[in-house]
Amino acid sequence: MNKTNVGMAGISLHRLLCIVKRADFISNMGKELQRGPTSDRVRRNIEALRSAQGLSLAELSRRLEAVGRPILGTGIHKIEQGVRRVDVDDLVALALALNVTPNRLLLPVDGSRVELTSEVEVEQRPAWNWADGIHALEEAIQRIHGEAIQRTHGEALTAAYGDFKSHSRPTGEVARDQHTATRAARDVLDRIHLILGNETRMALEDAIRQAVEYGNSSGNAAMLRRALNRLNAEVEDLIGDEGD
């Protein structure tokens with residue numbers, strides 16, 4: 001092959017690479033424009049928290065620089081306007097700068113239903129429990145393992161809940177979460193949440209079930225008393241008598 005042919009081959013390859021890169025760039029541009037519900041919620045939460053704390057764009061920018069993720073005030077403004085995306089590193093840094101958890105940026109706190117994806121929408125409390133690693137989201141599990149759950153008579157659902165517990169908490173916390181005293185304490189908190197949150201669908205369904213079971217409307221109170229008694233017994237068993 002002479003030098004002319006080599007040069008022509010090189011030019012052809014270069015042009016081919018340019019076409020591929022351009023096609024990839026256009027494809028990625030299309031993906032960049034597709035924003036989900038969480039992206040919009042994050043930007044609104046950032047703006048609301050900054051306003052509630054009385055922080056200027058410049059002050060939040062200074063805090064971000066202090067935690068090692070510099071973003072100019074103009075960049076923060078673009079985030080709040082939905083012009084600029086928030087990647088995972090930005091999310092963590094913004095949570096640090098605003099003195100909240102990443103979950104506070106990802107989820108609502110006004111009691112509204114939570115659209116996690118175009119296919120999964122749940123009440124606020126289950127969404128927070130899922131994000132905090134407390135309970136799996138049955139709505140998502142049903143979509144992922146729907147037929148298997150029907151076929152195995154719920155065994156697949158039980159297994160999915162177990163996997164969630166095993167993989168969603170730091171090593172060592174799983175055993176502590178399963179301790180009888182921990183479970184008793186969580187039961188008390190769940191009962192208190194039901195009493196305080198009677199406006200939620202889950203609480204209303206629970207109140208109806210308890211009214212049928214107990215024949216009156218005091219089911220929540222009765223169950224809370226039993227849960228407190230059980231917690232008291234578990235704590236005494238855990239720490240022993242004062243004279244020990």
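By convention here, the first residue in the shown sequence is residue 1. Side-chain atoms are counted along with the backbone in the values below, which use heavy atoms only and exclude waters and symmetry mates.
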Side-chain ([X]) to main-chain ([Y]) donor-acceptor, under 3.5 angstrom:
{"X": "Lys165", "Y": "Ile134", "answer": "yes"}
{"X": "Asn232", "Y": "Leu228", "answer": "no"}
{"X": "Arg143", "Y": "Glu119", "answer": "yes"}

Grab the two heavy atoms, one from [X] and one from [Y], that are nearest each other, plus how far apart they are.
{"X": "Ser168", "Y": "Gly133", "result": "CB-CA, 4.3 Å"}
{"X": "Asp90", "Y": "Arg69", "result": "OD1-NE, 2.9 Å"}
{"X": "Asp132", "Y": "Arg169", "result": "O-NH1, 2.7 Å"}
{"X": "Ala184", "Y": "Leu231", "result": "CB-CA, 3.9 Å"}
{"X": "Glu80", "Y": "Ile46", "result": "OE2-CG2, 4.0 Å"}
{"X": "Pro108", "Y": "Ser112", "result": "CB-OG, 3.7 Å"}

Do Val88 and Trp130 sit in one hydrophobic cluster, given that two such residues count as connected whenever their side-chain heavy atoms are within less than 4.5 Å of each other, even indirectly? no
Any side-chain heavy-atom pair from [X] and [Y] closer than 4.5 angstrom?
{"X": "Val100", "Y": "Asn45", "result": "no"}
{"X": "Leu55", "Y": "Leu98", "result": "yes"}
{"X": "Thr101", "Y": "Arg104", "result": "yes"}
{"X": "Gln124", "Y": "Asp110", "result": "yes"}

When you check the gap from the basic side-chain N to the acidic O, do Arg63 and Glu59 get nearer than 4.0 Å? yes
So does Asp89 have more than 12 non-hydrogen atoms from other groups sitting under 6.0 Å from CG? yes
Is it the case that over 12 heavy atoms from other parts of the model lie below 6.0 angstrom from the CD atom of Glu65? no
Please enumerate all residues that pass side chain to side chain contact (heavy atoms under 4.5 Å, CB included) together with Leu107, with sequence neighbours excluded. Val114, Leu116, Ala127, Trp128, Ala131
